[in-house]
Asker: 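Just passing along the structure, written as structure tokens.
Here the structure is a predicted model, which means the values were calculated and not measured. First listed ligand is number 1; within each ligand, the first listed atom is number 1.
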Amino acid sequence: MTEDAVRAFIGLGSNLGDRLANLKEAVLRLSKTDGVSVTRVSRVYETSPVGPPQPDFLNAVAEVRTVLSPRDLLAASLRIEEEMGRVRHERWGPRVIDLDLLNYGRMEIDERGLTVPHPRMHERAFVLVPLLELEPDPLLPADHPVTSLPLGPSAPAAVRPFAPPIEVP
Ligand code: ATP
Ligand code: CA
Ligand code: CA
């Protein structure tokens, strides 16, 4: 990886099949992607679902260094979802794997099909808890200070430590 590599964070989620194996498989596939190296992964958390009634999720965040553009990193992530058999049904429904691009360096992007920082990340304890393990000062969507985050007394019940950090492949 060259010195021009950018540090990015990818949020992972799974609530179908062998959820932990799915997260590990996605990390492995990310690490095998040309132009991407996985540098660290958070602990794995079990989290209560948002959206329609469905099984609990496992969530984690991976730190990567990449020479891919934001577009290409998103495309690689969507390709991994597809290869792992993700089928899109209802919005926020159950899924084998979900890969969201949370941060790409400190870049702010708002294009069709790609918004970074991820526009709902600041509302989601299941994203913030693992992300804050890796980065104490993540870039949030504009105008959302870290003091506004939903990490009050109800957060621990909704985001429960499940497994130690996934090993970097
Ligand atoms: P949410 O985005 O609220 O977490 P979701 O993950 O269920 O919901 P998907 O169906 O996985 O949503 O993604 C829909 C589309 O969102 C993708 O095809 C992608 O083009 C777009 N998108 C925009 N910004 C991002 C981003 N930062 N990370 C991932 N997808 C994004
Ligand atoms: Ca998502
Ligand atoms: Ca997604």
Side-chain angles (χ1 to χ4, degrees), residues 5-17 19-20 22-27 29-31 33 35-36 38 41-135 137-144 148-151 155 158-159 162 166:
V6 171
R7 190 169 71 126
F9 291 102
I10 295 176
L12 302 101
S14 171
N15 75 338
L16 288 182
R19 300 170 301 164
L20 186 56
N22 294 339
L23 295 187
K24 289 178 177 171
E25 178 69 23
V27 168
R29 287 175 183 257
L30 275 172
S31 75
T33 301
V36 179
V38 176
V41 188
S42 72
R43 278 191 197 85
V44 177
Y45 293 88
E46 187 167 46
T47 71
S48 304
V50 292
Q54 56 185 306
D56 283 355
F57 275 85
L58 292 187
N59 288 102
V61 169
E63 178 195 64
V64 304
R65 292 189 70 81
T66 186
V67 294
L68 299 183
S69 67
R71 273 273 158 210
D72 287 348
L73 184 58
L74 175 70
S77 300
L78 297 178
R79 190 161 56 240
I80 290 169
E81 292 178 351
E82 218 166 272
E83 288 167 357
M84 289 181 62
R86 174 159 176 194
V87 184
R88 284 186 165 74
H89 299 292
E90 57 195 328
R91 192 172 192 210
W92 296 326
R95 65 279 304 272
V96 170
I97 193 72
D98 182 39
L99 298 176
D100 288 343
L101 181 53
L102 304 175
N103 275 182
Y104 181 92
R106 312 259 333 152
M107 200 183 278
E108 294 179 293
I109 304 160
D110 193 5
E111 296 170 1
R112 179 192 286 269
L114 179 59
T115 304
V116 177
H118 188 283
R120 287 166 290 284
M121 63 185 283
H122 61 290
E123 301 167 351
R124 297 175 170 173
F126 65 83
V127 172
L128 297 169
V129 171
L131 177 60
L132 289 166
E133 251 179 64
L134 303 177
E135 169 51 58
D137 188 26
L139 187 65
L140 300 170
D143 305 331
H144 292 285
S148 71
L149 299 181
L151 297 175
V159 183
F162 182 87
I166 292 171

Asker: Under 4.0 Å from atom 12 (O) of ligand 1, is there any protein heavy atom?
Answerer: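 No, there is no protein heavy atom closer to it than 4.0 Å.
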Asker: Among all the protein's heavy atoms, is there at least one whose distance to atom 16 (O) of ligand 1 comes out below 4.0 Å?
Answerer: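 Given the 4.0 Å cut-off, atom 16 (O) of ligand 1 does not count as touching protein heavy atoms.
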Asker: Among Asp98, Thr47, Asn15, which residue satisfies the side chain to side chain donor-acceptor pair (under 3.5 Å) criterion with Asn59?
Answerer: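 Looking at Asp98, Thr47, Asn15, the match for Asn59 under the side chain to side chain donor-acceptor pair (under 3.5 Å) is Thr47.
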Asker: Specify the closest pair of heavy atoms between Ala62 and Leu12, including all atoms of both residues, with the distance to one decimal.
Answerer: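 In terms of heavy atoms, the two residues are closest at N-CD1, 3.6 Å.
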Asker: Relative to the heavy atoms of Arg88, which atoms of ligand 1 are at a distance of less than 4.0 Å?
Answerer: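 By the 4.0 Å cutoff, the relevant atoms are 9 (P), 10 (O), 11 (O), 13 (O).
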Asker: Measure the shortest side-chain to side-chain distance between Leu23 and Val27 over non-hydrogen atoms and say whether it is less than 4.5 angstrom.
Answerer: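 Answer no - side chains too far apart.
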Asker: Give the numbers and elements of all ligand 1 atoms closer than 4.0 Å to a heavy atom of Trp92.
Answerer: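 Within the 4.0 Å cut-off of Trp92, ligand 1 contributes 1 (P), 3 (O), 7 (O), 8 (O).
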Asker: Taking C-beta and beyond as the side chain, do Ile97 and Ile80 meet within less than 4.5 Å on heavy atoms?
Answerer: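 They are not in contact (no side-chain heavy atoms under 4.5 Å apart), so the answer is no.
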Asker: To the nearest 0.1 Å, how far is atom 22 (N) of ligand 1 from its closest protein heavy atom, and which atom is that?
Answerer: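 Its nearest protein heavy-atom neighbour is Gly113 O, 3.4 Å.
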Asker: Closest by any non-hydrogen atom to atom 5 (P) of ligand 1: pick that one out of Arg91, Met121, Arg95.
Answerer: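 It is Arg95 that holds the nearest heavy atom.
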Asker: Do ligand 1 and Glu81 have nitrogen or oxygen atoms that lie under 3.5 Å from each other?
Answerer: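 No, since none of the N or O atoms of Glu81 sits under 3.5 Å from an N or O of ligand 1.
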Asker: Using a distance threshold of 3.0 Å, what protein N/O/S atoms lie below it relative to the Ca ion (ligand 2)?
Answerer: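 Metal shell, protein only: Asp98 OD2, Asp100 OD2.
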Asker: Is any NZ, NE, NH1 or NH2 atom of the basic residue among Glu111 and Arg71 found under 4.0 Å from an Asp or Glu carboxylate oxygen of the other?
Answerer: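 Looking at Glu111 and Arg71, the cut-off is met.
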Asker: Numbering the atoms of ligand 1 from 1, which are under 4.0 Å from a heavy atom of His118?
Answerer: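 Counting atoms of ligand 1 from 1, those under 4.0 Å from His118 are 1 (P), 2 (O), 4 (O), 26 (C), 27 (N), 28 (N).
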Asker: Counting only heavy atoms on the protein side, is anything nearer than 4.0 Å to atom 29 (C) of ligand 1?
Answerer: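 Yes, because at least one protein heavy atom sits under 4.0 Å from atom 29 (C) of ligand 1.
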Asker: Contact between Leu139 and Glu108 at the side-chain level, heavy atoms closer than 4.5 Å - yes or no?
Answerer: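 A side-chain contact exists here, since the closest heavy-atom pair is under 4.5 Å.
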Asker: Please determine if Leu101 has a nitrogen or oxygen closer than 3.5 Å to a nitrogen or oxygen of ligand 1.
Answerer: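 Leu101 vs ligand 1: N/O contact under 3.5 Å present.
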Asker: With a sphere of 6.0 Å drawn around CZ of Arg7, does it hold more than 12 non-hydrogen atoms of other residues, nucleotides or ligands?
Answerer: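 Check passes, neighbour count above 12.
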Asker: Can you list the atoms of ligand 1 that are under 4.0 Å from a heavy atom of Arg124?
Answerer: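 Counting atoms of ligand 1 from 1, those under 4.0 Å from Arg124 are 1 (P), 3 (O), 4 (O).
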Asker: Roughly how far apart are Asn103 CG and Glu135 CD, rounded to 0.5 Å?
Answerer: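 Interatomic distance, Asn103 CG to Glu135 CD, rounded to 0.5 Å: 8.0 Å.
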Asker: Among all protein heavy atoms, pick the one closest to atom 2 (O) of ligand 1 and tell me residue, atom and distance.
Answerer: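 Among all protein heavy atoms, the one nearest atom 2 (O) of ligand 1 is Arg120 NH2, 2.9 Å.
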Asker: With a 4.0 Å cut-off on heavy atoms, does Glu123 reach ligand 1?
Answerer: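 Outside the 4.0 Å threshold, so no.
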Asker: Can you list the atoms of ligand 1 that are under 4.0 Å from a heavy atom of Asp98?
Answerer: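 That gives atoms 6 (O), 11 (O) of ligand 1.
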Asker: Could you tell me which non-hydrogen atom of Pro141 sits nearest to which non-hydrogen atom of His122, and how far apart they are?
Answerer: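 Looks like CG-ND1, 3.4 Å.
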Asker: For ligand 1, which atoms, with element, lie under 4.0 Å from some heavy atom of Leu114?
Answerer: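 Reading through ligand 1 atom by atom, the close ones are 23 (C), 24 (N).
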Asker: Which residue and atom name correspond to the protein heavy atom nearest atom 18 (O) of ligand 1, and how close is it?
Answerer: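 That would be Leu78 CD1, 4.1 Å.
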Asker: For Arg86, which part has a heavy atom under 4.0 Å from ligand 1: side chain, backbone, both, or neither?
Answerer: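 For Arg86, only side-chain atoms sit under 4.0 Å from ligand 1.
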Asker: Below 4.0 Å, non-hydrogen atoms only: which portion of Leu74 touches ligand 1? Side chain, backbone, both or neither.
Answerer: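 Side chain only; the backbone of Leu74 stays clear of ligand 1.
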Asker: Measure the shortest side-chain to side-chain distance between Glu81 and Arg95 over non-hydrogen atoms and say whether it is less than 4.5 angstrom.
Answerer: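 Heavy-atom side-chain distance check fails, nothing below 4.5 Å.
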Asker: Taking C-beta and beyond as the side chain, do Leu102 and Arg124 meet within less than 4.5 Å on heavy atoms?
Answerer: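 Of all side-chain heavy-atom pairs linking Arg124 with Leu102, none is under 4.5 Å.
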Asker: Work out which heavy atom in Phe57 is nearest to a heavy atom in Gly13; give both atom names and the distance.
Answerer: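 Distance-wise, the nearest heavy atoms are CD2-C, 4.2 Å.
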Asker: Around atom 24 (N) of ligand 1, find the nearest protein heavy atom and jot down its residue, atom name and distance.
Answerer: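 Answer for atom 24 (N) of ligand 1: Thr115 N, 3.0 Å.
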Asker: Taking the side chain as everything from C-beta on, heavy atoms only, tell me whether Leu131 gets closer than 4.5 Å to Met121.
Answerer: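 Yes, their side chains come closer than 4.5 Å.
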Asker: In the structure I gave you, are the side-chain heavy atoms of Ser77 and Ile10 within less than 4.5 Å of one another anywhere?
Answerer: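 Ser77 reaches Ile10 side chain to side chain.
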Asker: Heavy atoms only: give me the nearest Ser42-Pro130 pair and the separation to one decimal.
Answerer: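 Where Ser42 meets Pro130 most closely, the heavy atoms are OG-CB, 3.3 Å.
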